[in-house]
2 protein chains.
Amino acid sequence: MAARKKNSTYTRNEQCIIDCDLTYAVHKIGGRWKLLILDKLEGGKRRFGELKREFSYITERMLTLQLRALEQDGLVKRTVYAEVPPRVEYELTEMARELGPILKQLSQWGGKQRRLAKNEMK
Amino acid sequence: MAARKKNSTYTRNEQCIIDCDLTYAVHKIGGRWKLLILDKLEGGKRRFGELKREFSYITERMLTLQLRALEQDGLVKRTVYAEVPPRVEYELTEMARELGPILKQLSQWGGKQRRLAKNEMK
DNA sequence: TATGGTACATACAAACATGTAAGTAATGGC
DNA sequence: GCCATTACTTACATGTTTGTATGTACCATA
């Protein structure tokens with residue numbers, strides 16, 4: 001997200017990670033709020049303000065950063081309308097839509113595992 | 001991974017994350033090396049030292065931490081043999097095996113996206 | 001008695017991610 | 001001219017993750 005310093009090992013190791021398609025994929029969606037945002041956008045186009053209201057616990061800064069990262073990674077398309085006050089809309093790209101069904105499976109798995117973990121606590 | 005300080009917002013927000021099955025799932029597999037480890041273990045039981053040799057770029061410390069996290073999350077089973085020198089074996093749990101097919105799809109998606117991104121650079 | 005192998009553990013430092021608070025630009029309506 | 005609205009941006013502080021270096025326990029063997 002930020003400018004990467006060319007630290008010897010950390011960066012070199014990151015290369016190893018990114019050589020793996022799977023890790024690459026998970027990195028794309030691994031931000032703290034990205035999945036929630038993607039999920040919301042499955043419902044269709046949203047304005048920045050809408051997302052902000054929807055996710056009141058996400059700070060404006062983080063919302064911006066995560067949206068930018070998603071845009072950068074080709075998962076979200078950003079459209080700016082030359083109006084005042086400004087209007088900006090976000091929507092999923094084709095690539096992101098292909099991800100949807102996979103994420104649904106992952107979500108189910110997560111739910112199952114979570115219930116299991118909860119039961120073990122008793 | 002480490003002891004969490006109970007910072008007001010950071011932790012509170014984490015709760016929001018974990019209330020989402022999907023984000024919960026991604027968190028379980030989101031560690032820097034977890035996917036590589038899981039992938040290797042799909043091939044069967046491995047000793048700590050085997051993993052260490054296989055992933056020469058992962059530090060011993062990180063390997064330990066990630067394995068412990070995976071164990072904690074019920075994705076990996078750890079078996080200690082009371083021998084000297086010690087022998088410890090790691091293998092996937094049922095839960096982790098169910099994850100396999102989903103990860104394969106994710107990996108394919110990642111590969112596709114990666115090739116796309118590469119082409120756009122030209 | 002010293003040495004080696006295995007699977008760690010611990011202390012410390014660097015890099016990274018996230019949160020907090022405040023500011024910006026443009027313009028239409030008052 | 002002043003204010004409100006929208007979608008940011010910036011500077012700074014805090015928290016988390018990863019890496020580096022070194023140490024430990026065990027016992028068999030030399």
Side-chain angles (χ1 to χ4, degrees), chain A residues 1-17 23 26-27 29-34 36-37 45-71 76 78-90, chain B residues 1-18 23 26-34 36-37 45-71 76 78-90:
Chain A
M1 216 94 66
R4 167 70 41 80
K5 285 171 200 165
K6 44 193 162 180
N7 167 35
S8 56
T9 314
Y10 198 95
T11 302
R12 178 155 40 80
N13 284 0
E14 187 158 68
Q15 199 49 50
C16 301
I17 289 174
T23 317
V26 173
H27 261 228
I29 58 175
R32 194 170 171 90
W33 309 108
K34 287 185 188 171
L36 293 175
I37 294 170
K45 245 180 231 186
R46 307 281 168 187
R47 292 187 57 172
F48 181 84
E50 288 183 88
L51 294 172
K52 186 175 133 190
R53 273 188 297 281
E54 180 75 26
F55 299 120
S56 54
Y57 43 84
I58 307 184
T59 62
E60 244 177 302
R61 172 183 144 78
M62 268 302 114
L63 193 52
T64 304
L65 284 176
Q66 302 271 291
L67 282 167
R68 286 299 155 82
L70 288 169
E71 190 195 0
V76 157
R78 178 169 175 264
T79 310
V80 184
Y81 295 88
E83 302 172 0
V84 168
R87 181 158 64 99
V88 180
E89 288 185 342
Y90 294 91
Chain B
M1 215 96 65
R4 169 67 43 80
K5 287 170 199 166
K6 44 193 163 180
N7 166 36
S8 56
T9 313
Y10 197 95
T11 303
R12 180 154 38 81
N13 284 358
E14 188 157 67
Q15 200 48 51
C16 301
I17 289 174
I18 287 178
T23 317
V26 173
H27 263 228
K28 295 287 176 209
I29 58 175
R32 192 170 173 92
W33 309 107
K34 286 184 189 172
L36 292 174
I37 294 170
K45 246 179 231 188
R46 308 279 167 187
R47 293 188 56 172
F48 181 84
E50 289 182 86
L51 294 172
K52 186 175 135 191
R53 274 188 295 281
E54 179 75 26
F55 300 119
S56 54
Y57 43 87
I58 308 182
T59 64
E60 243 177 304
R61 171 182 145 77
M62 269 302 114
L63 194 53
T64 304
L65 284 177
Q66 303 270 290
L67 283 168
R68 286 298 155 83
L70 288 169
E71 190 195 1
V76 158
R78 177 168 176 266
T79 311
V80 184
Y81 295 89
E83 302 172 359
V84 169
R87 181 159 63 100
V88 180
E89 288 184 341
Y90 294 92

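So that the names make sense, note that chain A is the first sequence line, chain B the second, and so on, each numbered from 1.
- Between B:R68 atom CZ and D:dT17 atom P there is a gap of 18 Å when expressed in whole angstrom units.
- For the OP1/OP2 pair of C:dC16 and a distance below 4.0 Å, the side-chain nitrogens and oxygens of B:R32 include no atom meeting the criterion.
- Between A:R12 and D:dG19, a side-chain N or O to OP1/OP2 separation shorter than 4.0 Å is absent.
- Of the residues in residues 50-59 of chain B, not one comes within less than 4.0 Å of DNA chain C through any heavy atom.
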Could you pull out all donor-acceptor pairs under 3.5 Å where a side-chain atom in residues 46-53 of chain B meets a protein atom, sequence neighbours excluded?
unit_1: B:R46; atom_1: NH2; unit_2: B:G43; atom_2: O; d: 3.4
unit_1: B:R47; atom_1: NH2; unit_2: B:P86; atom_2: O; d: 3.4
unit_1: B:E50; atom_1: OE2; unit_2: B:R47; atom_2: N; d: 2.8

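- The shortest distance between side-chain heavy atoms of A:T23 and A:H27 falls below 4.5 Å.
- The shortest distance between side-chain heavy atoms of A:W33 and A:M62 falls below 4.5 Å.
- Taking side-chain N and O atoms only, B:N13 has a distance below 4.0 Å to OP1 or OP2 of C:dG19.
- For the pair B:M62 CE and C:dC12 C1', the computed distance is 13 Å after rounding to whole Å.
- A:I37 places a side-chain heavy atom less than 4.5 Å from the side chain of A:L63.
- To the nearest 0.5 Å, atom OH of residue B:Y57 and atom CD of residue A:Q15 are 11.5 Å apart.
- Out of D:dT18, D:dC8, C:dT18, the shortest distance to the side chain of A:E60 is found at D:dC8.
- The nearest whole Å value for the distance from the CD atom in B:E71 to the C1' atom in C:dC8 is 13 Å.
- Checking the phosphate oxygens (OP1, OP2) of D:dT20, a side-chain nitrogen or oxygen of A:T9 falls inside 4.0 Å.
- Of the candidates A:K45, A:E71, A:R78, A:R78 is the only one forming a side-chain hydrogen bond (donor to acceptor under 3.5 Å, both in side chains) with A:Y90.
- Among residues two or more places apart in sequence or in another chain, the side-chain hydrogen bond (donor to acceptor under 3.5 Å, both in side chains) test is passed with B:E89 by B:Y81, B:R87.
- Against DNA chain D, the stretch residues 83-90 of chain A makes heavy-atom approaches under 4.0 Å through A:P85, A:P86, A:R87, A:V88, A:Y90.
- OP1 or OP2 of C:dC8 lies within a sub-4.0 Å distance of a side-chain N or O belonging to B:R78.
- Across all strands shown, B:R61 has heavy atoms under 4.0 Å from base atoms, whether or not it also approaches the sugar-phosphate.
- Rotation axes derived from the C1' atoms of the five outermost pairs at either end of the helix from C:dT1-D:dA30 to C:dC30-D:dG1 lie 30° apart, to the nearest 10°.
- Rounded to whole Å, the distance from NE2 on A:H27 to C1' on D:dT18 is 12 Å.
- The shortest distance between side-chain heavy atoms of A:V88 and A:T79 does not fall below 4.5 Å.
- For the pair A:Q66 and A:L36, the minimum side-chain heavy-atom distance is 4.5 Å or more.
- For C:dA17, the OP1/OP2 oxygens have no side-chain nitrogen or oxygen of A:Q66 closer than 4.0 Å.
- For the pair B:K34 and B:K28, the minimum side-chain heavy-atom distance is 4.5 Å or more.
- Every side-chain contact (heavy atoms from CB on, under 4.5 Å) that B:R61 has, sequence neighbours left out, goes to B:T59, B:L65.
- The CZ atom of A:R46 sits 17 Å away from the P atom of D:dC8 (whole-angstrom rounding).
- As a whole-Å value, the separation of A:L67 CG from D:dT6 P is 17 Å.
- Rounded to a whole Å, the CD1 atom of A:I37 is 11 Å from the P atom of C:dT18.
- Between the CG atom of A:L65 and the P atom of D:dA11 there is a distance of 14 Å, given to the nearest Å.
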